[in-house]
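Below is one structure, written out as structure tokens; the observations come after it.
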Amino acid sequence: MTPIMLELLLRSLWETVLMTVASGVISLVAGLPLGLALVVTARGGIAENLWINRTVGAVINGFRSVPFIILLVALIPLTRLIVGTALGTWAAIVPLAIAATPYYARIAEVSLREVDRGLIDAVRAMGGNRWTIIREVLVPEALPGIVAGFTVTLVTLIGASAMAGAIGAGGLGDLAIRYGYQRFETSVMIAVVAVLIVLVCGIQWFGDRLVAKLDRR
């Protein structure tokens, strides 16, 4: 691989990491509250409200049902409104975050539902209010699952960011399409695949180690 291609590979790697981290953080900040809302407003939840539960669930399911490549195109007007352009790394963060948020919300919901009901009842019996239960029981007890789910979300975002390269988002996907596919440079395609494998394995390894430290069982 030539020095120029190596420079392009490193720049594309940085763009992929930027897209993944930025959209991942947004999905965590927005998705976790949505997951909590689904759990606490469910039937028998600490703040039961089936209307809110069904409405939030329907919105989440609606976004999850749209294929990412279609969502990329459909959100172009919103992307332009937010970042001023529909092309480039920063523009790709908008659809990536919107696609990842409902995905992570459902993962967080599953982890939160697994919290022992007896612990919640015990805090209630001691006079704990809803916020105390969320802060002291639900989130801490579900934390290993929340972190594991976030790791899976980051890995999924890496694949989605590569797909976003098809519409000029930059990153490793864009490099693979422009040079590996369109210019038939096999070495570039192999290098991109190798970097993606290392990146995914690294994130998964770090996430697994963190989950093992957080798991108190």
Side-chain angles (χ1 to χ4, degrees), residues 16 19-75 78-79 82 92-117 119-120 130-131 133-164 199-201 203-212 214-217:
T16 294
M19 285 188 285
T20 301
V21 172
S23 55
V25 170
I26 294 171
S27 70
L28 175 63
V29 172
L32 183 55
L34 287 174
L36 280 166
L38 288 170
V39 171
V40 301
T41 61
R43 190 180 301 277
I46 60 175
E48 182 178 331
N49 189 317
L50 296 183
W51 186 86
I52 292 178
N53 183 271
R54 288 166 183 166
T55 301
V56 173
V59 172
I60 289 175
N61 290 339
F63 276 99
R64 288 184 64 205
S65 66
V66 180
F68 180 65
I69 194 67
I70 296 177
L71 195 64
L72 273 173
V73 177
L75 291 175
L78 178 62
T79 301
I82 294 174
I93 291 172
V94 176
L96 282 170
I98 291 175
T101 295
Y103 176 80
Y104 180 66
R106 285 300 187 185
I107 294 179
E109 179 194 8
V110 172
S111 298
L112 291 163
R113 285 189 186 279
E114 292 178 350
V115 175
D116 187 354
R117 183 76 186 186
L119 293 174
I120 297 175
R130 293 169 182 171
W131 290 111
I133 293 172
I134 292 172
R135 187 178 65 252
E136 302 295 336
V137 180
L138 281 177
V139 174
E141 290 296 321
L143 195 56
I146 289 171
V147 173
F150 185 58
T151 302
V152 173
T153 301
L154 288 178
V155 171
T156 303
L157 280 170
I158 291 175
S161 69
M163 192 186 303
L199 188 58
V200 168
C201 290
I203 290 175
Q204 191 64 58
W205 178 86
F206 182 79
D208 289 344
R209 299 288 78 73
L210 185 56
V211 169
L214 292 171
D215 196 345
R216 294 175 290 181
R217 290 174 294 181

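- Between Gly57 and Arg106, the shortest heavy-atom distance links the atoms O-NH2, 3.4 Å.
- Contact annotation: the side chain of Val39 never approaches that of Leu36 to less than 4.5 Å [non-hydrogen atoms, C-beta and beyond].
- Contact record, Val211 with Pro144: CG2-O, 3.6 Å, taken as the closest heavy-atom pair.
- The distance from the OG1 atom of Thr153 to the CD1 atom of Ile203 is 11.0 Å, given to the nearest 0.5 Å.
- Taking OG1 of Thr20 as the start and CG of Leu157 as the end, the distance is 6.0 Å to the nearest 0.5 Å.
- In this structure, Val155 and Gln204 have side chains that are in contact, with non-hydrogen atoms separated by less than 4.5 Å.
- Using a 4.5 Å heavy-atom cutoff, the side chains of Trp131 and Ile46 are not in contact.
- With rounding to the nearest 0.5 angstrom, the CG atom of Leu96 is 7.0 Å from the CG atom of Leu72.
- In terms of heavy atoms, Ser23 sits closest to Ala97 at CB-N, 3.7 Å.
- In this structure a side-chain-to-backbone donor-acceptor pair under 3.5 Å is present from Tyr104 to Ile146.
- For the pair Ile93/Ile26, a side-chain contact is recorded, criterion being any heavy-atom separation below 4.5 Å from C-beta on.
- Shortest non-hydrogen contact noted between Gly62 and Ser65 is O-OG, 2.7 Å.
- Under a cut-off of 6.0 angstrom, the local environment of CZ in Arg64 is crowded, with over 12 non-hydrogen atoms contributed by other residues, nucleotides or ligands.
- What you find for Ala142 and Val115 is that their closest heavy atoms are CB-CG2, 3.9 Å.
- A distance of 9.5 Å separates OG of Ser111 from CG of Leu143, quoted to the nearest 0.5 Å.
- Side-chain contact, Thr41 with Asn53: a donor N or O sits under 3.5 Å from an acceptor N or O.
- Leu34 is not listed as a side-chain neighbour of Glu109, based on a closest heavy-atom distance of 4.5 Å or more.
- Two residues are said to be in side-chain contact when any heavy atoms from C-beta on lie closer than 4.5 Å; Leu32 and Phe150 fail this criterion.
- To the nearest 0.5 Å, the span separating CG on Leu138 from CZ on Arg113 amounts to 11.0 Å.
- The shortest distance between side-chain heavy atoms of Val25 and Val29 falls below 4.5 Å.
- Inter-residue side-chain proximity for Thr151 and Leu210 is flagged as unmet; no heavy-atom pair is nearer than 4.5 Å.
- Across every non-hydrogen atom of Arg117 and Gly44, the tightest pair is NH2-O, 2.9 Å.
- Surrounding CZ of Phe68 are more than 12 heavy atoms belonging to other residues, nucleotides or ligands, all under 6.0 Å away.
- Enclosure of atom CZ in Arg43 is not indicated, since only 12 or fewer non-hydrogen atoms of other residues, nucleotides or ligands lie within 6.0 angstrom.
- The CD1 atom of Ile98 sits 4.5 Å away from the CG atom of Leu75 when rounded to the nearest 0.5 Å.
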